[in-house]
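What follows is a set of notes on a single structure, which appears directly below.
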Amino acid sequence: MIEIQGITKTFGANRVLDDVSFVAANGAVTGFLGPNGAGKSTTMRVLLGLITPDHGTALIDGVPYMRQASPMSSVGAVLDAKCAPRNRSAYAYLCALAYTNNIARGRVDEVMDLTGLASVKKTKAGKFSLGMSQRLAIAAALLGDPKNLVLDEPVNGLDAEGVKWVRDLCRNCAAQGRAVLLSSHLMNEVALTADNLVIIGEGRILRTGTVADFVREHSRHLLSVVTPDAGKMHAMLAASPTVRITEKPVDSGYPADARAFEIEGADFAAVARGFAAHQIIAYQFVRQQVSLEQAYMELTHGHARYVAAQAAQQPQNGGAR
């Protein structure tokens, strides 16, 4: 289990972490999210003893990282994909780690097979692509068969197969009872991988909880309807002042009489029963739910340190440049 308790860290006049506290529990993948500059990497470096906090404690299974008797069996971490010396082969790099941490050399072959590096074991790390470097960094993190995993943007540079492999790795580790702390900018991957969320902005924790609860909290009662009976639908909902109906363009493939609407603020089951009672035809009738990315953007927009200005409209018809 990973515990961050009241961590505060200031660099000069800049407070980058402000009383940060959360838990990454055993048997779960915890997604650690936040805009660039929010404090994610600093928090992970504090956890691993690379940065000393001004206040607070960071514990791994109840013990600070610097006091772990066997660090690589306690926690495996990926903070930088390009961590291996450029002039060493992948195999030599992992063997050196194994030797200095009292890990059997046979484990090197195991993690190379696990990460798909066996065929390039003699290749120097400097010749690896970013995706292959990510696999090597993950192999190093897994070398000690750790009880906890800390992964900072582990899918950068990976292809679709590699991204799925990292997702499965995280889920399998959690299923074995390990704690997995995962930082990523790919919201769809976090939604598919994480059980719990920790969202940080401007050095402060904005929200913790399960992925499902967070998405549900930010969801609205929103229905998507395509129907030829728009008049009957409006009449049915006219007595509900909290309901708002917005007409939308109709996608191709529907009959010529179809019209599309979003219905906000209405109960799904009640509207479905009303359609049946009033014999309203529905070509489409679905409940919409916000994605994790939409909910995350809604929460963190005001806490982003680097926000791009809206792009200026481009001149048309060969106008001045």
Side-chain angles (χ1 to χ4, degrees), residues 29 31 33 35 155 158-168 171 184-195 197 199 207 209-302 304 307-319:
V29 178
L33 306 179
V155 298
L158 294 178
D159 58 16
E161 186 277 332
V163 170
K164 181 181 183 300
W165 172 75
V166 171
R167 181 199 315 157
D168 292 342
R171 296 303 317 158
S184 177
H185 283 97
L186 299 180
M187 292 297 129
N188 59 330
E189 282 307 310
V190 174
L192 291 171
T193 306
D195 303 290
L197 291 177
I199 302 178
R207 195 63 50 87
T210 69
V211 174
D213 285 347
F214 178 68
V215 170
R216 189 181 306 114
E217 177 184 331
H218 285 77
S219 294
R220 297 166 292 169
H221 292 296
L222 192 65
L223 308 178
S224 179
V225 173
V226 178
T227 177
D229 296 327
K232 293 167 69 175
M233 181 189 71
H234 279 283
M236 182 192 82
L237 296 171
S240 302
T242 60
V243 173
R244 186 173 70 177
I245 303 173
T246 305
E247 188 161 3
K248 300 292 183 180
V250 181
D251 293 335
S252 61
Y254 287 105
D257 59 354
R259 294 171 65 185
F261 301 89
E262 280 187 352
I263 303 174
E264 184 174 356
D267 179 74
F268 179 81
V271 175
R273 287 192 293 268
F275 268 47
H278 291 82
Q279 297 184 333
I280 299 173
I281 296 171
Y283 298 141
Q284 181 192 72
F285 189 89
V286 296
R287 177 169 48 194
Q288 295 186 348
Q289 182 171 316
V290 300
S291 66
L292 174 60
E293 182 173 25
Q294 291 171 313
Y296 166 80
M297 293 298 295
E298 181 179 321
L299 176 66
T300 62
H301 179 72
V307 180
Q310 184 174 359
Q313 185 173 359
Q314 297 298 312
Q316 297 180 356
N317 300 324

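The closest side-chain heavy-atom distance from R171 to V29 is below 4.5 Å. Looking at heavy atoms from C-beta onward, V243 lies in side-chain contact with I263 at the 4.5 angstrom threshold. The closest side-chain heavy-atom distance from I245 to H234 is below 4.5 Å. Counting only heavy atoms from C-beta outward, the side chains of F285 and V226 never approach each other to under 4.5 Å. Using a 4.5 Å cut-off on side-chain heavy atoms (C-beta onward), V166 and T193 make no contact. Looking at heavy atoms from C-beta onward, I280 lies in side-chain contact with T227 at the 4.5 angstrom threshold. When side chains are defined from C-beta on, F261 does not count as touching K248, because their heavy atoms never get closer than 4.5 Å.
Of all heavy-atom pairs spanning A260 and P249, the tightest one is CB-O, 3.8 Å. For R259 against A230, the heavy-atom pair with the smallest separation is NH1-CB, 3.4 Å. Scanning all heavy atoms of the two residues, the minimum distance from G265 to T242 falls at O-OG1, 4.0 Å.
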Quiz item: Yes or no on side-chain hydrogen bond (donor to acceptor under 3.5 Å, both in side chains) for E264 and T246, after CA distance, side-chain angles and deciding distance?
Solution: CA-CA 8 Å; E264 184 174 356; T246 305; over 6 Å; no
Practice problem: Go through the steps for K164 and D159 under the test salt bridge (charged side-chain N to carboxylate O under 4.0 Å, His left out), then give the verdict. | Solution: CA-CA 9 Å; K164 181 181 183 300; D159 58 16; over 6 Å; no
Practice problem: Decide side-chain contact (heavy atoms from CB on, under 4.5 Å) for Y254 and Q284; before the verdict, give the C-alpha distance in whole Å, the side-chain angles of both, and the deciding distance to 0.1 Å. | Solution: CA-CA 9 Å; Y254 287 105; Q284 181 192 72; 3.3 Å; yes
Quiz item: Step by step, would you call L223 with V271 a side-chain contact (heavy atoms from CB on, under 4.5 Å)?
Solution: CA-CA 9 Å; L223 308 178; V271 175; 3.9 Å; yes
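Counting non-hydrogen atoms of neighbouring residues, nucleotides and ligands closer than 6.0 angstrom, the CD atom of Q279 reaches no more than 12 such neighbours.
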